[in-house]
Q: 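The structure that follows is given in the form of structure tokens.
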Amino acid sequence: MPHLIIDYSANLEKQLDMGGLCGALKDAAAATGVFPPAGIRVRAYAADHVVIADGDPSHAFVDITVRLAAGRDHAAKTLATDAVFEAARSYTADLMARAPFMLSLELREMDATYSRKASSIRDYLPPEMH
């Protein structure tokens, strides 16, 4: 049940296709084999009010949080974070080359003791996605 949460500065709305970034990250996450495809959720939220570095309003950022159920080993977590970050870096490379832009990613493990979930998604997906 991985969640990929993208926070980004609102000044990117006209510079970067956020729906496309969400799709690229979903594809990268699924390709690792670390995340069950049926559980991947990617979403993006614009931050309307930001101050970055010296306050120049042309500065921009994308910050990705990967929330993941605990229990995967170090190698799997490294593979997953590297793959998702590389997909984000590749997707934003043109922006990075032409504008002041920051990209970051952090993995957070969820404690199963306090995690609750319910879903009917798998009932509507092809068996190979389960």
Side-chain angles (χ1 to χ4, degrees):
M1 61 119 9
H3 293 262
L4 284 74
I5 304 158
I6 304 165
D7 291 306
Y8 65 94
S9 54
N11 63 349
L12 289 177
E13 289 287 341
K14 294 181 180 167
Q15 299 180 64
L16 194 63
D17 174 8
M18 284 300 160
L21 177 60
C22 288
L25 298 188
K26 188 268 303 171
D27 291 346
T32 66
V34 174
F35 305 125
I40 298 172
R41 285 160 260 181
V42 184
R43 53 195 176 272
Y45 300 101
D48 292 324
H49 307 283
V50 300
V51 177
I52 302 168
D54 62 357
D56 184 326
S58 69
H59 296 336
F61 76 89
V62 165
D63 177 61
I64 303 162
T65 301
V66 178
R67 285 187 10 205
L68 183 62
R72 290 166 180 87
D73 64 24
H74 174 74
K77 292 185 284 191
T78 299
L79 172 69
T81 53
D82 286 350
V84 172
F85 188 74
E86 265 319 299
R89 188 192 317 238
S90 176
Y91 196 88
T92 61
D94 290 342
L95 176 63
M96 182 79 74
R98 66 174 158 56
F101 173 68
M102 302 170 91
L103 176 65
S104 57
L105 178 143
E106 177 186 7
L107 172 77
R108 296 182 186 170
E109 286 187 298
M110 295 179 275
D111 184 339
T113 306
Y114 306 106
S115 180
R116 309 292 184 264
K117 48 193 144 308
S119 173
S120 64
I121 294 292
R122 284 177 173 80
D123 297 341
Y124 297 89
L125 296 174
E128 65 273 10
M129 287 194 71
H130 288 224

Q: Do F35 and V66 have side-chain heavy atoms sitting under 4.5 Å apart?
A: yes
Q: Under the rule for side chain to side chain donor-acceptor pair (under 3.5 Å), what residues qualify as partners of Q15, not counting sequence neighbours?
A: none
Q: Please report the shortest heavy-atom distance between A60 and L12, naming the atom on each side.
A: CB-CD2, 3.4 Å
Q: Could you tell me which non-hydrogen atom of A83 sits nearest to which non-hydrogen atom of A28, and how far apart they are?
A: O-CB, 3.8 Å
Q: With sequence neighbours excluded, tell me which residues meet side chain to side chain contact (heavy atoms under 4.5 Å, CB included) with A30.
A: I40
Q: Can you confirm whether M96 is buried at CE, in the sense that more than 12 heavy atoms of other residues, nucleotides or ligands lie under 6.0 Å from that atom?
A: yes
Q: Any sub-3.5 Å donor-acceptor pair from R41's side-chain atoms to G39's backbone N or O?
A: yes
Q: To the nearest 0.5 Å, how far apart are OH in Y45 and CE in M18?
A: 13.5 Å
Q: Within this structure, what is the CG-CZ distance for the pair L107 and R67, rounded to the nearest 0.5 Å?
A: 11.5 Å
Q: Heavy-atom distance under 4.5 Å between the side chains of V62 and L95, does that happen here?
A: no
Q: Could you tell me the separation between the CG atom of N11 and the CZ atom of F61, rounded to the nearest 0.5 Å?
A: 8.5 Å
Q: The criterion is side chain to side chain donor-acceptor pair (under 3.5 Å); which residues satisfy it with D82, sequence neighbours excluded?
A: none
Q: How long is the gap from CZ on R72 to OG1 on T78, to the nearest 0.5 Å?
A: 13.0 Å
Q: Only pairs under 3.5 Å count here: list side-chain donor-acceptor contacts from residues 50-58, not counting sequence neighbours, and write none if there are none.
A:
{"residue": "D54", "atom": "OD1", "partner": "D56", "partner atom": "N", "Å": "3.1"}
{"residue": "D54", "atom": "OD1", "partner": "H59", "partner atom": "NE2", "Å": "2.7"}
{"residue": "D56", "atom": "OD1", "partner": "S58", "partner atom": "N", "Å": "2.8"}
{"residue": "D56", "atom": "OD1", "partner": "S58", "partner atom": "OG", "Å": "2.8"}

Q: Between A44 and Y8, which heavy-atom pair has the shortest distance, and what is it?
A: CB-CE2, 3.8 Å
Q: Roughly how far, to the nearest 0.5 Å, is the CG atom of L25 from the CD atom of E86?
A: 11.5 Å
Q: Mind checking what makes side chain to side chain contact (heavy atoms under 4.5 Å, CB included) contact with F85, not counting sequence neighbours?
A: R89, L103, L105
Q: Could you list all the salt bridge (Lys or Arg N to Asp or Glu O under 4.0 Å) pairs where at least one residue sits in residues 11-20, not counting sequence neighbours?
A: none
Q: Quick one: list whatever passes side chain to side chain donor-acceptor pair (under 3.5 Å) with D111, sequence neighbours left out.
A: T113
Q: So which pairs with a foot in residues 101-110 pass side-chain hydrogen bond (donor to acceptor under 3.5 Å, both in side chains), sequence neighbours left out?
A: D63-S104, K77-E109, E106-R108
Q: Using the side-chain hydrogen bond (donor to acceptor under 3.5 Å, both in side chains) rule, collect all pairs that involve residues 21-38, keeping only residues at least two apart or in two chains.
A: none
Q: Taking side chain to side chain contact (heavy atoms under 4.5 Å, CB included) as the test, write out the residues that go with P127, two or more places apart.
A: none
Q: Can you name the residues that form a side chain to side chain contact (heavy atoms under 4.5 Å, CB included) with A10, not counting sequence neighbours?
A: A46, D48
Q: For the atom pair CD1 (I64) and CG (L21), what is the distance rounded to the nearest 0.5 Å?
A: 6.0 Å
Q: Nearest heavy-atom pair of A87 and A24: which atoms, and what distance?
A: CB-O, 4.1 Å
Q: With sequence neighbours excluded, what pairs up with R98 under the side chain to side chain donor-acceptor pair (under 3.5 Å) test?
A: none
